[in-house]
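A quick write-up on the structure given underneath.
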Amino acid sequence: MECPPGKSSWPELVGTKGEVAEGIIERENINVNAIVVPEGSSVILDFRCDRVWVWVNKDGVVYRVPRIG
């Protein structure tokens with residue numbers, strides 16, 4: 001599946017607060033919905049061009065590179 005053009009990965013957001021990362025992602029690529037997910041949560045594994053999981057630890061800090069999927 002090929003996604004529309006636009007930014008697809010945000011490694012620079014690792015270490016930031018999840019809510020801040022969510023806003024930056026949605027501003028930088030208007031085609032995606034960023035979703036903050038607490039560590040240990042279950043998510044659906046299907047690939048979608050309009051979704052970015054923003055994985056946060058118990059302190060609400062991004063610990064995994066957010067990317068389209």
Side-chain angles (χ1 to χ4, degrees):
M1 173 186 299
E2 189 171 325
C3 295
K7 192 166 182 178
S8 62
S9 176
W10 291 264
E12 70 277 11
L13 296 179
V14 172
T16 64
K17 286 289 194 178
E19 295 77 18
V20 172
E22 178 182 27
I24 291 170
I25 291 166
E26 291 179 350
R27 278 193 306 276
E28 291 187 354
N29 186 336
I30 61 169
N31 298 309
V32 301
N33 180 31
I35 303 164
V36 177
V37 184
E39 185 175 18
S41 296
S42 297
V43 296
I44 191 163
L45 299 177
D46 65 328
F47 183 88
R48 292 186 44 180
C49 290
D50 64 345
R51 179 180 61 214
V52 176
W53 299 123
V54 181
W55 291 94
V56 296
N57 63 19
K58 62 179 177 52
D59 298 317
V61 175
V62 178
Y63 70 92
R64 188 186 297 180
V65 175
R67 59 178 40 101
I68 285 180

Transitive ILVMFWY side-chain link Ile35 to Val62, under 4.5 Å: no
Minimum heavy-atom distance between Ala21 and Val54, given as atom pair plus value: CB-CG1, 4.1 Å
Nearest heavy-atom neighbours spanning Glu39 and Trp55: CA-CE3, 4.4 Å
Test side chain to side chain contact (heavy atoms under 4.5 Å, CB included) applied to Asp50 and Asn33, step by step: CA-CA 6 Å; Asp50 64 345; Asn33 180 31; 5.9 Å; no
Val52 and Asn29, any side-chain heavy atoms less than 4.5 Å apart: no
Closest non-hydrogen atom pair between Val32 and Cys49, with its separation: CG1-O, 3.5 Å
Approximate separation, where rounding is to 0.5 Å, of Lys7 NZ and Ile30 CD1: 15.0 Å
Minimal non-hydrogen separation, Cys3 against Phe47, with atom names: SG-CE2, 3.7 Å
Shared hydrophobic cluster for Val56 and Val20 (ILVMFWY, side-chain gaps under 4.5 Å): yes
Spacing of Thr16 atom OG1 and Tyr63 atom OH [to the nearest 0.5 Å]: 13.5 Å
Donor-acceptor pair, side chain of Lys17 and main chain of Asp59, under 3.5 angstrom: yes
Ile25 side, atom CD1; Trp53 side, atom CH2 - distance, nearest 0.5 Å: 12.5 Å
Non-hydrogen side-chain atoms of Val65 and Ser9 separated by less than 4.5 Å: yes
Ile24 reachable from Val61 in the ILVMFWY side-chain graph, under 4.5 Å edges: no
Distance, nearest 0.5 Å, that separates CZ of Arg51 from CZ of Arg67: 14.0 Å
Minimum-distance pair of heavy atoms, taken over all atoms of Val37 and Ser41: CG1-CB, 3.5 Å
